Each structure stands twice: as structure tokens, then as C-alpha cells.
Amino acid sequence: MPEGDTVWQATKRLHAALAGRVLTHTDFRVPQYATVDLTGRAVLDVTPRGKHLLTRIEGGLTLHSHLRMDGTWKVFAPGRRWSGGPAHQIRVVLGTHDRTAVGYRLPVLELIRTAEEERAVGHLGPDLLGPDWDADRALANLLADPARPLGEALLDQRNLAGIGNVFKSELCFLLGVTPWLPVGDLPADRAAVLPALAARLLEANRDRPVRNTTGRRNPALFVYGRAPRPCLRCGIPIRVADQGDGSRDRPTYWCPACQTGPAPTPAHRHPRL
């Protein structure tokens with residue numbers, strides 16, 4: 001599941017493959033850009049912004065993409081078979097003389113003026129892995145709506161950019177509260193450490209091929225994906241339930257013993273339990 005760490009890794013691969021090179025072939029497989037040809041233009045850089053990727057191209061253009069749940073960018077050497085999915089899932093191809101970047105299942109793909117990037121990403125809060133990271137501002141954003149459940153507030157990229165469903169669940173476990181706890185009820189001492197802890201989790205994982213929050217090889221995560229296995233701390237079975245406004249419910253994991261705060265009743269839990 002793409003989150004700030006995996007987007008950072010994807011951006012790093014794309015930058016290494018494309019930056020400073022001239023495009024020798026481009027193929028946009030979305031109707032809006034079907035006739036666009038960027039051949040002959042150099043790629044200047046590829047930059048992450050939260051879960052967004054900004055590929056800046058000579059001539060004042062930026063290719064803005066977002067991976068959402070299952071999008072991906074793959075980089076291939078000449079002659080290597082493309083292996084990111086079936087051909088009909090390809091949305092864009094950017095080729096140079098020695099590398100080809102292929103974007104699969106990209107739900108967001110738009111070509112914009114670099115000077116207008118703020119239109120695409122200006123709504124985002126401080127980026128946990130970016131140069132604009134501001135822990136105080138991130139915390140102020142989270143606390144601005146004290147009645148909102150903590151898990152939902154953490155996923156709102158307007159508060160802070162980069163946290164997804166995995167890190168939401170893991171962060172709430174490490175804070176010792178359920179994702180349904182209203183932000184305003186978070187104890188002051190834990191609220192104070194929340195931004196730094198979130199940044200530390202993403203920074204520790206931005207170069208890892210497999211996410212790890214436990215410091216162990218197995219299991220690598222405290223709660224995410226582990227229901228109904230026992231909690232690593234107390235042995236009580238981990239639970240899972242959907243969290244969201246009904247339009248984008250996401251499975252959310254927690255330990256009922258180690259995490260205090262409200263939680264769904266058994267009738268509202270995820271059907272896997």
C-alpha cells in the first residue's frame with residue numbers, strides 16, 4: 001500500500017533513472033493527453049510531496065501523479081520485459097536512451113505548468129519526509145478539529161502529508177490509543193510526541209524494501225495485518241474494523257488491551273473477525 005515511504009522510494013528510483021536525461025519516447029495512454037509528445041525535452045528532477053510525485057520536465061512542465069491504493073511506477077533497462085501489470089493498465093511511458101519508466105494503474109495523472117504545482121499539492125500539510133516538515137504546524141492542524149477520530153485526522157493529508165493506513169494503525173498503537181479516540185482527548189504528553197514519532201517511523205522506513213516498526217525481522221509490524229494473532233506486548237488477539245465515513249472505509253487494526261479509547265462494537269467489526 002503506497003504511503004509516504006514507498007512514494008519516496010518510487011521518486012528516488014524515477015529520479016535516478018530520468019533526471020538529467022532527454023526523453024526519446026513518450027506515450028500517454030489517457031484520453032486527455034493522447035496527443036502529447038514530450039520527446040526531446042529533458043527531465044529536470046522527480047520530487048515527492050506527501051503521496052504525490054512531481055516529475056519536472058524542461059519547458060516549465062510537471063507531470064503530476066498519485067499512486068492511491070495500487071498505482072506504481074516501474075523502471076526498466078533496454079530489452080527487459082515490462083512486468084508491472086497487463087498492458088491495458090499502463091497510463092504513461094517515459095523513455096530515455098537507457099531507461100524506460102512505466103506508470104501502471106495511476107488514478108491521478110495530469111500535465112501541468114510547473115509554476116502552477118501549488119494547484120495540485122498546495123492543499124497538503126507539512127510533508128513528513130520533505131524539507132517543509134514542521135512538527136508544530138502538523139500538531140496544530142490535527143488539534144484544530146478536536147472531535148475528529150485520531151485515525152481519520154492522521155489520514156487527512158491536509159493535516160500532515162505521508163501517513164496511510166499502515167502507519168496510522170502502527171502510530172496509534174505506539175501512542176497507546178485507539179484510532180477512534182477524538183483528537184482532543186489525546187493526552188497532552190502523547191500529543192506532544194506524536195509528530196516526531198510519525199516522522200521517525202517514515203524516516204526509518206524510507207529506504208527499507210519491507211516496512212518495519214517493531215525492530216524485529218518477524219513480525220515486522222505491531223498490529224497492521226495481524227488480526228486475530230496475539231499482540232506482541234500483551235498476547236490479547238489483535239482486532240480489525242473498518243474506519244471511515246462510509247465512502248472509503250479502510251481496515252484498521254488495534255489491540256483492545258494496549259490501546260485505550262473508543263472502538264467499534266463486535267457487530268461493526270470487519271467481517272474477517
Side-chain angles (χ1 to χ4, degrees), residues 1-8 11 47-54 64 66-68 108 115-206 211 213 221-224 242-250 252-255 258-264:
M1 182 180 298
E3 301 192 22
D5 57 335
T6 50
V7 171
W8 194 92
T11 303
T47 299
R49 182 73 173 84
K51 298 181 184 180
H52 300 250
L53 292 87
L54 302 171
H64 167 226
H66 193 295
L67 306 181
R68 293 256 173 99
V108 175
E116 299 175 354
E117 285 181 357
E118 284 299 294
R119 177 176 64 80
V121 296
H123 65 288
L124 298 175
D127 186 344
L128 282 152
L129 293 177
D132 71 320
W133 172 241
D134 184 331
D136 292 337
R137 182 180 155 212
L139 183 57
N141 290 346
L142 290 168
L143 295 176
D145 186 356
R148 192 175 192 186
L150 177 60
E152 293 181 22
L154 289 172
L155 288 182
D156 190 337
Q157 303 300 294
R158 296 169 297 182
N159 291 330
L160 66 171
I163 290 180
N165 216 33
V166 177
F167 284 118
K168 174 196 79 173
S169 295
E170 294 295 295
L171 183 59
C172 287
F173 176 81
L174 291 171
L175 290 170
V177 298
T178 70
W180 291 271
L181 181 79
V183 175
D185 292 347
L186 187 64
D189 60 332
R190 282 176 255 189
V193 302
L194 188 160
L197 180 58
R200 191 156 65 246
L201 281 179
L202 265 73
E203 288 171 356
N205 283 280
R206 68 180 189 178
R211 287 195 188 104
T213 60
L221 302 175
F222 283 108
V223 292
Y224 189 85
D242 286 332
Q243 182 177 34
D245 59 8
S247 61
R248 293 185 65 189
D249 287 343
R250 299 180 181 184
T252 299
Y253 298 81
W254 81 102
C255 172
C258 294
Q259 294 172 252
T260 60

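All residue numbers in this chain count up from 1 along the given sequence. Predicted model, so just to flag it, every value in this text is computed and none were measured.
- Counting heavy atoms from C-beta on, the side chains of Leu150 and Leu171 never come closer than 4.5 Å.
- Of the residues listed (Ile163, Leu175, Val223), the one engaging Glu170 in a side chain to side chain contact (heavy atoms under 4.5 Å, CB included) is Val223, and it is the only one.
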Verdict with supporting geometry, Arg211 and Thr6, side-chain contact (heavy atoms from CB on, under 4.5 Å) = CA-CA 9 Å; Arg211 287 195 188 104; Thr6 50; 3.6 Å; yes
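- One distance of note links CH2 of Trp8 with CG of Asn205; it measures 12.0 Å at 0.5 Å rounding.
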query = Would Cys172 and Leu154 count as a side-chain contact (heavy atoms from CB on, under 4.5 Å) if you check the C-alpha gap in whole Å, the side-chain angles of each, and the deciding distance to 0.1 Å?
reply = CA-CA 10 Å; Cys172 287; Leu154 289 172; 4.1 Å; yes
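- Expressed to the nearest 0.5 Å, how far CZ of Arg49 lies from CG of Leu54 amounts to 9.0 Å.
- Under a 3.5 Å cut-off, the side chain of Gln243 and the backbone N or O of Pro179 do form a donor-acceptor pair.
- Considering CG of Asp156 and CG of Asp145, their distance stands at 9.0 Å, rounded to 0.5 Å.
- Here the NZ atom belonging to Lys51 is positioned 10.0 Å from the CZ atom belonging to Arg68, to the nearest 0.5 angstrom.
- Using the six-membered ring where Trp is involved, His52 and His64 have ring planes that are parallel, under 30° apart on the 30 and 60° scheme.
- A donor-acceptor distance shorter than 3.5 angstrom exists from the side chain of Gln157 to the backbone of Gly162, with no hydrogens or angles considered.
- When all heavy atoms of Trp180 and Asp242 are compared, the pair lying nearest together is CZ2-O, 4.0 Å.
- Rounded to the nearest 0.5 angstrom, Asp5 CG and Leu202 CG are separated by 5.5 Å.
- Counting only heavy atoms from C-beta outward, the side chains of Trp133 and Pro195 approach each other to under 4.5 Å.
- A side-chain donor-acceptor contact under 3.5 Å links Thr178 to the backbone of Pro262.
- In terms of modelled atom types and a separation under 3.5 Å, the side chain of Glu3 and the main chain of Val166 share a donor-acceptor contact.
- When all heavy atoms are compared, the tightest approach of Gln259 to Trp254 is OE1-CA, 3.2 Å.
- Closest approach of Ser169 to Tyr224, counting heavy atoms only: OG-CD1, 4.0 Å.
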ask   = Can you check side-chain contact (heavy atoms from CB on, under 4.5 Å) on Leu53 and Leu67, steps first, answer last?
value = CA-CA 8 Å; Leu53 292 87; Leu67 306 181; 4.0 Å; yes
Check: residues 135-143 side-chain donor-acceptor pairs under 3.5 Å, at least two apart:
residue	atom	partner	partner atom	Å
Asn141	ND2	Arg137	O	3.4
Asn141	ND2	Asn159	O	3.0

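- For the atom pair CZ (Arg119) and CD (Glu117), the distance works out to 10.5 Å, reported to the nearest 0.5 Å.
- Looking only at distances, no side-chain donor or acceptor of Asp127 sits under 3.5 Å from a matching main-chain atom of Asp132.
- Of all heavy-atom pairs spanning Gly50 and Ala161, the tightest one is CA-CB, 3.7 Å.
- Heavy-atom minimum distance, Val183 versus Ala153: CG2-CB, 3.7 Å.
- Listed here is the closest heavy atom pair of Pro48 and Val7: CB-CG1, 4.3 Å.
- Side chains of Leu201 and Leu128 form no contact here, defined as non-hydrogen atoms less than 4.5 Å apart.
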